[in-house]
Amino acid sequence: TFPSCKKGGEKSPSTGIISGTVFSKDHLPLAGVKVSIDDRERSFVYSDAEGKYTFRSIAVGDYSILAAKEKYLSESKRATVTKDITTKIDFQLGVGEVTLEIEREAYDFSYDRFTNIINVKSNGAWIVTPSADWLRVDNAIGLGDNSFIISADENKGDEVRVATLTLAAGKVVKVISITQYPRIKLLEVSMTNPISDTVVLTFSTVVEEIQLASKYGLCSGNLEYNKQPLSKEVRFKYSCGRLGQSYPFQLTVKSKYGTYSQDFDVDFFSKRIKYPVVGS
């Protein structure tokens with residue numbers, strides 16, 4: 001015999017089936033129960049008129065399964081999928097109103113890789129669904145008063161990234177906002193238009209404090225700027241700036257999650273210019 005193959009010679013993945021029946025506490029079949037599995041697609045099906053449900057072509061491995069229906073207490077169980085085998089998992093739901101509580105509705109994190117524990121209070125089972133690939137959970141399905149761990153890699157981009165965690169227990173839904181800030185850095189230097197001595201610095205995230213100094217030793221002109229801008233954009237005037245000349249500066253900025261220092265040059269031209277900043 002030969003192993004089954006996909007087109008192009010690729011081996012077919014090892015899969016199995018999960019099937020079962022959802023009952024009430026009175027041992028009656030329950031129709032319309034949402035049964036969810038924590039596979040990559042966060043798949044779900046609904047039980048039929050006989051309370052039966054089936055997941056087909058599930059990759060071999062261990063999974064959590066959640067059964068939930070309005071006016072019933074949700075329930076979760078673990079299942080192991082074996083190649084070409086049907087794994088039978090039944091549920092028995094008791095009548096009741098599901099409760100679901102979270103500690104906070106929003107979390108902010110720095111650009112670094114992070115992990116964090118989220119605590120949940122519930123009288124039933126619940127499922128967690130992240131809205132973005134960069135945000136991960138260690139266990140998508142929990143039961144009762146429990147917790148799960150969220151994690152993310154370093155934010156290497158230049159923008160704030162935001163994702164949500166949706167927790168559902170039956171019809172009860174809670175949403176948690178997760179914000180991860182970028183590393184603070186100078187993205188762009190530009191001049192205002194029409195030409196003036198105003199320089200515009202654009203940063204990757206909000207600047208809370210800034211120290212700015214001229215490194216041009218031939219002129220002691222003042223720098224006019226707000227040392228606490230609380231903005232992604234900082235503007236300053238340099239009285240020594242002359243048309244067609246380039247001048248060196250040094251800055252140190254602080255954001256909510258870090259400090260950044262860099263030397264940079266400003267070219268004073270007769271029209272508005274923008275150029276990317278290359279540096280640490």
Side-chain angles (χ1 to χ4, degrees), residues 1-25 27-70 72-94 98 100 115 117-118 120 122-153 163 165-173:
T1 61
F2 295 92
S4 60
C5 296
K6 286 185 174 181
K7 185 177 180 180
E10 182 184 351
K11 290 184 178 179
S12 298
S14 298
T15 63
I17 295 173
I18 299 176
S19 183
T21 305
V22 185
F23 297 97
S24 68
K25 288 294 185 181
H27 302 286
L28 298 175
L30 283 177
V33 177
K34 185 177 181 179
V35 185
S36 306
I37 182 172
D38 64 342
D39 61 351
R40 288 186 176 181
E41 289 75 30
R42 298 291 191 266
S43 304
F44 64 88
V45 295
Y46 288 92
S47 61
D48 62 18
E50 297 178 346
K52 298 183 182 301
Y53 74 92
T54 301
F55 291 101
R56 302 185 185 279
S57 301
I58 301 298
V60 168
D62 295 325
Y63 298 91
S64 291
I65 307 176
L66 171 72
K69 181 178 174 66
E70 190 174 8
Y72 288 84
L73 299 179
S74 50
E75 185 180 23
S76 69
K77 291 187 176 182
R78 295 290 293 175
T80 298
V81 175
T82 305
K83 182 180 179 181
D84 299 330
I85 298 295
T86 297
T87 301
K88 186 175 177 59
I89 302 292
D90 292 337
F91 294 94
Q92 193 171 33
L93 305 186
V98 176
L100 181 65
T115 59
I117 297 176
I118 306 291
V120 180
S122 179
N123 61 351
W126 39 268
I127 187 169
V128 185
T129 305
S131 67
D133 292 340
W134 60 265
L135 184 62
R136 301 178 296 274
V137 297
D138 69 326
N139 190 2
I141 292 178
L143 177 64
D145 295 346
N146 212 324
S147 63
F148 61 94
I149 298 174
I150 60 172
S151 61
D153 295 329
L165 294 167
T166 301
L167 285 77
K171 295 291 185 179
V172 182
V173 176

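When side chains are defined from C-beta on, W126 does not count as touching V98, because their heavy atoms never get closer than 4.5 Å. Between F148 and L167 the shortest side-chain heavy-atom distance falls below 4.5 Å. Between D153 and W134, every side-chain heavy-atom pair lies at or beyond the 4.5 Å cut-off. Between V128 and N139 the shortest side-chain heavy-atom distance does not fall below 4.5 Å. Contact of the V120 side chain with the N146 side chain is not registered, since no non-hydrogen atoms from C-beta on lie closer than 4.5 Å. Side-chain contact between T15 and I58: absent, with no pair of heavy atoms (C-beta onward) separated by less than 4.5 Å.
For the atom pair CG (L165) and CD1 (I118), the distance works out to 6.5 Å, reported to the nearest 0.5 Å. Taken to the nearest 0.5 Å, the OG atom of S36 stands 14.5 Å off from the OH atom of Y63. Atom CG of L135 is separated from atom OG of S151 by 7.5 Å, given to the nearest 0.5 angstrom. Note that CD1 of I65 is 11.0 Å distant from CD of E75, once rounded to the nearest 0.5 Å. Once rounded to the nearest 0.5 Å, the distance linking NZ of K34 with CD of E70 reads 12.5 Å. Considering NZ of K25 and CG of L93, their distance stands at 8.0 Å, rounded to 0.5 Å.
Nearest heavy atom pair, residue A168 against residue V173, reads CB-CG2, 4.2 Å. Listed here is the closest heavy atom pair of P29 and G51: CB-N, 3.9 Å. Among all heavy-atom pairs drawn from A31 and A49, the shortest one is CB-CA, 3.8 Å. Of all the heavy atoms in V33 and A67, the pair that sits closest is CG1-CB, 4.0 Å. Of all heavy-atom pairs spanning A125 and A169, the tightest one is O-CB, 3.4 Å.
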Anything under 3.5 Å between a donor and an acceptor, one on a side chain of residues 76-86, the other on a protein residue two or more places apart or in another chain? List them.
residue	atom	partner	partner atom	Å
K77	NZ	D90	O	2.6
R78	NH1	S64	OG	2.5
T80	OG1	D62	OD1	2.7

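A donor-acceptor contact shorter than 3.5 Å links the side chain of R42 to the backbone of D39. Between the side chain of D138 and the backbone N or O of I149 there is at least one donor-acceptor pair closer than 3.5 Å. Judged by distance alone, the side chain of D145 and the main-chain N or O of S122 form a donor-acceptor pair under 3.5 Å.
Around NZ of K88, the count of heavy atoms belonging to other residues, nucleotides or ligands within 6.0 Å exceeds 12. When the shell of 6.0 Å around CD1 of I117 is examined, it contains 12 or fewer heavy atoms from other residues, nucleotides or ligands.
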Q: Report the C-alpha distance between F91 and L30 in whole Å, list the side-chain angles of each, state the deciding distance to 0.1 Å, and finish with yes or no for side-chain contact (heavy atoms from CB on, under 4.5 Å).
A: CA-CA 10 Å; F91 294 94; L30 283 177; over 6 Å; no

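Under the rule for a side-chain hydrogen bond (donor to acceptor under 3.5 Å, both in side chains), T115 has no partner lying at least two apart in sequence or in another chain.
Screening residues 50-60 for side-chain hydrogen bond (donor to acceptor under 3.5 Å, both in side chains) gives S19-T54 as the qualifying pairs, with residues at least two apart or on separate chains.
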